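Letters A, B, ... are given to chains in the order of the sequence lines, protein chains preceding strands, and every chain is numbered from 1. Predicted model, so just to flag it, every value in this text is computed and none were measured.
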Amino acid sequence: MSTERKTLEERAQMSDIDRLRHSCAHVMATAILRIWPDAQFAYGPPVENGFYYDFDMKHRLTPEDFPKIEAEMKKIAKENQKFEWKGVTREEAKAMAESGRLGGLSERPGNPSRFKLDLIDKIPEGEQISCFQNGDFIDLCAGPHVGYTSKCKNVRLTSVSASFYMGDESKGQLQRLYGTAFPTAEELDQYFVQLEEARKRDHRKLGRELKLFHIDEDVGQGLILWTPNGAIIRQELQNFISEELRKQGYSQVFTPHIGKLQLYKTSGHFPYYRESQFAPVIENDDLAKVIKEGCSCCETYDRLYAVSEKLRSGINERAGREVIPADRVLPDDKLLDGFLLKPMNCPHHIKIFDSQPRSYRDLPVRLAEFGTVYRWEQSGELNGLTRVRGFTQDDAHLFCTEEQVAAEVLGCLSLVKIVLNTLGMTDYRVRVGLRDPDSSKFTGDAAKWDVAEAACREAAKTLGVPFTEEPGEAAFYGPKIDFVVKDVIGREWQLGTVQVDYVLPVRFDLSYIGPDNKPHRPVMIHRAPFGSMERFCGVLIEHFAGHFPAWLAPEQIRILTVSEKSEAFASELHAQLLAAGLRAKLDNGAEKIGAKIRNAQLDKTPYMLVIGEKEATTGSVAIRHSKKGDLGVKPAADFIASVLEEVRERRM
RNA sequence: GCCGGGUUAGCUCAGUGGUAGAGCAACUGAUUUGUAAUCAGUAGGUCGUCGGUUCAAAUCCGACACUCGGCUCCA
């Protein structure tokens with residue numbers, strides 16, 4: 001839910017479809033109240049593919065209730081109630097809410113409209129407060145609405161879930177009922193047909209059908225096993241990005257999957273993000289020691305969580321404020337260290353940067369790694385390849401001077417653009433995450449933030465695609481530019497990201513020697529054009545609907561024999577393709593050619609070579625492409641040359 | 001983590017208290033085939049797990065695991 005309050009002007013510009021759906025939300029509320037009069041409504045906006053209303057009531061909805069509610073909604077549509085606007089004063093609105101009249105069919109003594117009361121308080125002084133009434137239902141609402149409820153007949157309820165009032169967990173749980181509506185019955189039906197079509201492209205479904213990856217309960221939730229087919233796609237993508245990195249002057253590094261807890265205490269990720277990390281690994285000796293001391297689990301945890309006075313004072317001094325409070329300090333002999341599965345790669349890369357003295361002449365230093373990280377995502381959040389607990393980022397950290405930041409950010413963006421363009425992914429949006437000046441989450445020097453935000457904004461402008469600036473969306477250490485795409489059911493996922501960071505160089509006391517022969521603080525840029533290989537591949541599977549271009553396809557070519565008579569030539573051809581470095585399989589089974597084609601087609605193999613007696617005698621191949629169909633007959637050598645070129649150029 | 005669905009053969013799914021089913025895939029055999037399914041046969045299951053109710057549970061109840069859609073979170 002957007003926390004941004006829409007102005008009345010913005011609301012007046014609501015699209016026709018949103019207006020219809022917003023009215024449907026009111027009709028739905030009316031229907032619910034007819035069945036469950038105690039319902040208290042909170043917030044019911046139109047959303048991208050429909051609408052919802054959040055409310056609280058004793059009865060807990062299940063999908064079994066949908067037909068009953070839908071029937072009542074259709075009845076209300078038939079009654080053709082007029083939507084009537086009524087301006088009210090703040091006092092009138094409050095009185096109506098107190099009596100339970102707002103979001104109700106009548107006054108409800110003892111059951112005040114508690115969410116509406118709160119919403120009234122949130123309306124700025126001086127803004128016109130208004131209600132909309134249809135039939136007996138009156139709701140606090142700025143509108144706009146359609147004229148009559150008869151417009152709301154092409155409607156269907158889609159799902160029910162829990163939600164939090166104003167998105168705040170502490171404010172109690174509401175029920176959220178989703179529906180969708182269209183001007184005509186045909187459009188409504190069409191929407192569900194399209195949805196069904198889209199679900200066929202779901203990467204979880206295609207992943208199983210095309211044997212791209214496997215998630216096994218015994219290994220663990222959200223932990224991806226890349227099966228051979230999927231591994232090929234990932235490897236090709238990694239090869240592709242590695243080539244681009246070399247062109248842009250990056251250095252490849254490798255680092256292990258774990259690091260000492262102390263490292264993440266310095267970086268600030270532990271304990272700040274400890275809820276979303278796997279629990280630390282304690283060394284056997286330390287474990288034995290705390291057991292011997294009779295140390296409770298809580299004490300053990302406190303001792304892992306604590307820092308030394310030296311670490312605390314060092315970081316606080318460099319930051320110029322109290323980053324680590326005194327109550328986290330324990331005497332050195334009480335401290336326990338352990339290892340953490342790395343939740344990010346930056347500390348390791350920072351240590352590589354810091355492993356030798358750096359001159360300004362060395363900068364920028366660009367360290368790249370396909371680094372695997374582990375995060376304890378909430379179980380309800382896990383989703384196929386797009387939200388997992390272990391994933392590999394195409395990560396890099398750039399260490400540069402303040403003057404170099406703008407140019408380096410531009411370089412990162414051009415890399416992201418090359419990647420997305422090569423794959424034909426043009427349907428993305430760009431989000432420039434800025435700090436929220438009112439929030440304490442964002443640390444560091446305001447002047448530096450301004451410079452970095454300006455650099456990000458200017459860099460985003462060069463992309464030539466629309467971008468939004470979103471205050472409060474920055475990382476705590478600096479502004480960022482994110483690339484966001486949608487999956488088949490319309491959910492947004494962040495892929496590539498470029499982040500400017502002034503904080504970690506301070507925490508790790510990084511420096512380089514400048515032209516003045518004095519130490520200076522470098523600036524860090526974190527960037528990952530794919531984001532994570534897992535999520536990116538998930539999105540890519542859906543983008544191509546499983547029909548990968550030849551350079552990515554796990555199986556590029558399948559040879560299909562018409563009969564056993566051409567088997568010898570087919571085998572020879574197969575060997576030639578493999579020798580040329582192509583991924584080819586030979587189907588010389590007993591089925592008819594029609595069945596072999598069907599199987600290859602279902603496996604989405606881009607090239608099928610039909611080999612019969614004609615081809616065998618002339619050394620040629622009859623080419624069929626999974627998307628373009630029959631491409632005619634060519635000499636085998638010509639075909640091989642053309643596919644090699646297609647693959648080398650990474651053609652779509 | 002929270003709310004609500006779901007879990008039956010490798011896959012897609014039928015089966016509402018009384019002997020576990022179909023199609024496809026797999027395997028075997030026959031067929032030697034020209035651009036999206038040749039025919040026949042065989043095999044495959046502690047019905048997610050554990051507990052309860054019952055003479056009897058895939059079916060009813062409970063817990064847990066996993067999964068799906070949201071919510072919250074996302075360095």
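Side-chain N/O atoms of Y264(A) and Q277(A) include no donor and acceptor closer than 3.5 Å. For the residue pair T561(A)/N588(A), the side-chain donor-acceptor check at 3.5 Å is not satisfied. Under the 3.5 Å distance criterion, with hydrogens and angles disregarded, a donor-acceptor pair is assigned to the side chains of H59(A) and D65(A). Judged purely by distance below 3.5 Å, without hydrogens or angles, the side chains of D56(A) and Q175(A) never pair a donor atom with an acceptor atom.
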Kindly give the atom pairs (protein nitrogen or oxygen, nucleotide nitrogen or oxygen) under 3.5 Å for nucleotides 26-33 of chain B.
residue : atom : partner : partner atom : Å
rU32(B) : O2   : E564(A) : N            : 3.0
rU32(B) : N3   : E564(A) : OE2          : 3.0
rU32(B) : O4   : E564(A) : OE2          : 2.4
rU33(B) : OP2  : K565(A) : NZ           : 2.6
rU33(B) : N3   : A590(A) : O            : 3.4
rU33(B) : O4   : A590(A) : O            : 2.4

Between protein and nucleic acid, restricted to nucleotides 4-8 of chain B and to nitrogen or oxygen atoms under 3.5 Å apart, what atom pairs and distances do you find?
none

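Across every strand in view, rG69(B) sits in a pair with rC3(B) that passes the Watson-Crick or G-U test at under 3.5 angstrom. Of all nucleotides present, only rC39(B) satisfies the Watson-Crick or G-U wobble test against rG29(B), with each distance under 3.5 Å. Applying the Watson-Crick and G-U wobble criteria (two distances, each under 3.5 Å), rC64(B) pairs with rG48(B). For rU54(B), there is no paired nucleotide, since no Watson-Crick or G-U wobble pair has both relevant distances below 3.5 Å. When both distances must be under 3.5 Å, the Watson-Crick or G-U wobble mate of rG21(B) is rC13(B).
Aromatic ring pairs are classed by plane angle as parallel below 30°, tilted from 30° to 60° and perpendicular above 60°; the pair Y53(A) and F41(A) is perpendicular.
Taking atom CG of N49(A) as the reference point, atom C1' of rG69(B) lies 14 Å away to the nearest angstrom. Across the protein-nucleic acid pair, L195(A) atom CG and rG69(B) atom C1' stand 11 Å apart, rounded to whole Å. Atom P of nucleotide rU35(B) and atom CE of M608(A) are separated by 14 Å, given to the nearest angstrom. Taking atom CD1 on I525(A) and atom P on rA75(B), their separation rounds to 18 Å, with Å as the unit. One atom, CG of D218(A), and another, P of rU49(B), lie 13 Å apart when rounded to the nearest Å. The interatomic distance linking E64(A) (CD) with rU16(B) (C1') rounds to 13 Å, in whole Å. Atom CZ of R558(A) and atom P of rG34(B) are 19 Å apart (whole Å). Counting to the nearest Å, the C1' atom of rG23(B) and the CG atom of L602(A) are 15 Å from each other.
No more than 12 heavy atoms of other residues, nucleotides or ligands lie within 6.0 Å of NZ in K260(A), so this atom counts as exposed by the packing criterion.
Checked against rG1(B), rA75(B), rA37(B), the side chain of F164(A) finds its nearest nucleotide in rG1(B). In this structure, the nucleotide among rG34(B), rC73(B), rA36(B) sitting nearest to the side chain of A622(A) is rG34(B). With rG34(B), rG70(B), rA36(B) as the choices, the nucleotide that has an atom nearest any side-chain atom of E615(A) turns out to be rG34(B). Listed candidates were rG1(B), rG34(B), rA75(B). Nearest to the side chain of S379(A) is rG1(B). Picking from rG34(B), rA36(B), rA75(B) the nucleotide with the shortest atom distance to the side chain of V610(A) gives rG34(B).
Between the side chain of N599(A) and the backbone N or O of Q601(A) there is no donor-acceptor pair closer than 3.5 Å. Within the 3.5 Å criterion, the main-chain N or O of G44(A) finds no donor-acceptor partner in the side chain of D54(A). Looking at Q221(A), its side chain never comes within 3.5 Å of a backbone N or O of L382(A) through a donor-acceptor pair. The backbone N or O of L385(A) sits less than 3.5 Å from a side-chain atom of H203(A), completing a donor-acceptor pair. With hydrogens and angles ignored, the 3.5 Å screen pairs a side-chain donor or acceptor of R318(A) with a backbone N or O of R507(A). Between the side chain of E555(A) and the backbone N or O of A584(A), no donor-acceptor pair lies under 3.5 Å.
Residues N229(A) and P554(A) come closest through the heavy atom pair O-CG, 3.5 Å.
Within the structure, every side-chain polar atom (N or O) of R274(A) is placed at least 4.0 Å from both OP1 and OP2 of rA75(B). In this model, the phosphate group of rC73(B) is not approached by any side-chain N or O of Y273(A) to a distance below 4.0 Å at OP1 or OP2. The phosphate of rA75(B) has neither OP1 nor OP2 within less than 4.0 Å of any side-chain N or O from N345(A). OP1 or OP2 of rU67(B) sits under 4.0 Å from a side-chain N or O of Q221(A).
For R204(A) against rC68(B), a side-chain-to-base donor-acceptor contact under 3.5 Å is absent. Between the side chain of E377(A) and the base of rG1(B), no donor-acceptor pair under 3.5 Å is found. The base of rC73(B) lies outside donor-acceptor range of the side chain of R375(A), with no N or O pair under 3.5 Å. Checked by distance alone, S276(A) brings a side-chain donor or acceptor within 3.5 Å of a matching partner on the base of rA75(B).
rU32(B) and rU38(B) are spaced 15 Å apart, taking the P atom of each and rounding to whole Å. When the C1' atom is used for both rA20(B) and rG5(B), the distance is 25 Å, rounded to whole Å. Of the C1' atoms belonging to rU8(B) and rU42(B), the separation is 22 Å, rounded to the nearest Å. rG44(B) and rG10(B) are spaced 12 Å apart, taking the P atom of each and rounding to whole Å. Only the P atoms considered, rA57(B) is 35 Å distant from rG41(B), to the nearest whole Å. Look at the C1' atom in both rU54(B) and rU59(B): the space between them is 13 Å, to the nearest Å.
Backbone-only engagement by R491(A) is indicated by non-hydrogen atom pairs under 4.0 Å involving sugar-phosphate atoms exclusively. Counting any heavy atom pair closer than 4.0 Å across all strands shown, I489(A) reaches sugar-phosphate atoms only and no base atom. Looking at heavy-atom distances under 4.0 Å, N599(A) makes no contact with the nucleic acid at all. Nucleic acid contact class of Q277(A) (heavy atoms, under 4.0 Å, all strands): base.
Aromatic pair Y178(A)/F51(A): centroids not less than 6.0 angstrom apart.
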side-chain hydrogen bond (donor to acceptor under 3.5 Å, both in side chains) evaluation trace for D395(A) with H526(A): CA-CA 7 Å; D395(A) 210 357; H526(A) 309 237; 5.9 Å; no
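Of the residues in residues 208-217 of chain A, those with a non-hydrogen atom less than 4.0 angstrom from any atom of RNA chain B are R208(A), E217(A).
With F192(A) as the aromatic partner, R156(A) meets the cation-pi criteria of under 6.0 angstrom to the ring centre and within 45 degrees of the ring axis.
Each of D168(A) and M344(A) was assigned the nucleotide of RNA chain B with the nearest heavy atom; the assignment lying further toward the 5' end belongs to D168(A). Positionally, the nearest nucleotide of RNA chain B for V633(A) lies more toward the 5' end than for the other of V633(A) and K480(A).
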